[in-house]
Amino acid sequence: MDNTNCKLTFLGGAGTVTGSKTLVETSSYKVLIDCGLFQGLKELRNLNRTSLTIDPSKIDAIILTHAHLDHCGYIPVLVKNGFKGAIHCTSPTADLTEIILKDSAKIQEEDAARANKYHYTRHKKAKPLYTQEDVKQSLALIVRHNFLETVILDNSVKFKLYNNGHIIGSAFVELKVHDKTIVFSGDIGQSNPLLLYPPKKLKNADYIVMESTYGDRTHSVENVKDELCKVITDTYKKGGILMIPSFAVERTQELLYLIYQLRQEDCLPPIPVYLDSPMGINSTNVYDKYHELQNISHFEINRVYNDVKFISDPTASKAICLDNKPKIVLAGSGMIEGGRIIHYLNNHMGSKKNTLLFVGYQGEGTRGRAILKGSKEIKFYGEYHKVNCEIKSISSLSAHGDQNDIIAWLKNFNPAPKRIFLNHGEMHQTDALRVKIEFDLDWEVTIPKMFSEHVLE
Ligand SMILES: [Zn+2]
């Protein structure tokens, strides 16, 4: 490598939507942008257990775009294997990363314990990918920054974080390496997010690394508020319970805000709202703490949460779950892979008067996907259970920008970058975005393969 060149290596999030990890190397410094866990299908998850192609102790720092597990969930593995550098991110990202990594370690530990108890594993003893102790050591390495603060890492490498409107604290990274500017988009949010400020715009970049998960989609123009109002009112009229499997970060807070707005407009019946999710409550507290990063006043944020009953205690949760009165319940997990939503389904999915409402993407192989596709029975607690309740879905509530949002954000870069790399997408998503960028912007596009290296001159 020439003295002023740098090299990108895609260690994850290439040809897949999880495991985001891009290494940037100069002759004197190595920084990893995001450090995500591979999730979903087994072949992908197995990648979390294969040995790393780089010695973690040789990586100088990590920059985190945001706290979703597919962007931060691998950090404890790196730390366990010798990474000792700083982990740079915004304060809300630091707080959410703590919640998300602790939950992830708990799941890893429980899975290993279950595998050992029932001997599912061919290995002698199943070990968790990481433990709470690994998480504790990881969190100690976090260094918090404000948006727009210039952070100098080395005499040739510095960076700034800009709001990208995806979840609270989420950022895109402007990385300056010698005389080159490389922008890492992170997950770009919608042009007009419900709670957050719109993504910042930049004019100059020599290279862009752009995530493409929603590169083939345009969000439908359904009126989310009207749809939500109808589902709530219809369920209430039947004397039913509205069960919403909800992701703890962003989706939960957006839904509570929409319910609040509907109440303000006098559109809703007097139906109580429960957030029955310890992780959802912890995440909501982070939203409350950084109210200035939201596009609504603190006064209003307080009013949004005034009307919600927060349920953390398992005994209280059980009592609410057994009660048959009409209510709205938000509970994890978002794809019905675990969490308290299962208890609600166990008690209320068998009755036609109740409704199960999906508000987010349901990954392949999940119970959520099976129900959404029309399965009349799903399995949990070792048995099949009938799905008799009403199934509804609102698809356009998304923290991701769609193809139009992505192209609009890219159009701010002028002149054109030398090259744009499209990562973090499945092939059909990435390829659809490539075609659109080539056609609309006439830019040079590269779709990097996993472990491929690219020297930037
Ligand atoms: Zn994300």
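In each ligand, atom 1 is the first atom listed, and ligand 1 is the first ligand listed. These numbers come from a predicted model, not from an experiment. Atom set for the values below is all heavy atoms of this structure, side chains included, hydrogens, waters and symmetry mates excluded.
The distance from the CD atom of Gln261 to the CD1 atom of Ile259 is 11.0 Å, given to the nearest 0.5 Å. Residue Met349 holds its CE atom at 8.5 Å from CD1 of Ile336, rounded to the nearest 0.5 Å.
As for His68, its N/O/S atom nearest the Zn ion (ligand 1) is the one called ND1. Nearest N/O/S atom of Asp187 with respect to the Zn ion (ligand 1) is recorded as OD2.
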**Asked** Which is it for Phe310 and Tyr274 under the ring-ring contact (aromatic ring centres under 6.0 Å, His included) test, yes or no, and what are the steps along the way?
**Response** CA-CA 6 Å; Phe310 293 94; Tyr274 294 89; over 10 Å; no

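Counting only distance, with no hydrogens or angles, the side chain of Lys7 and the backbone of His454 share no donor-acceptor pair below 3.5 Å.
Not a single N, O or S atom of His71, from either the backbone or the side chain, sits less than 2.8 Å from the Zn ion (ligand 1). Because the distance cut-off is set at 2.8 Å, His166 qualifies as a neighbour of the Zn ion (ligand 1) through one of its N, O or S atoms. Residue Asp70 does not count as close to the Zn ion (ligand 1), with no N, O or S atom under 2.8 Å.
Each of Asn282, Val135, Ile107 was scored for a side chain to side chain contact (heavy atoms under 4.5 Å, CB included) with Lys102, with one residue passing: Val135.
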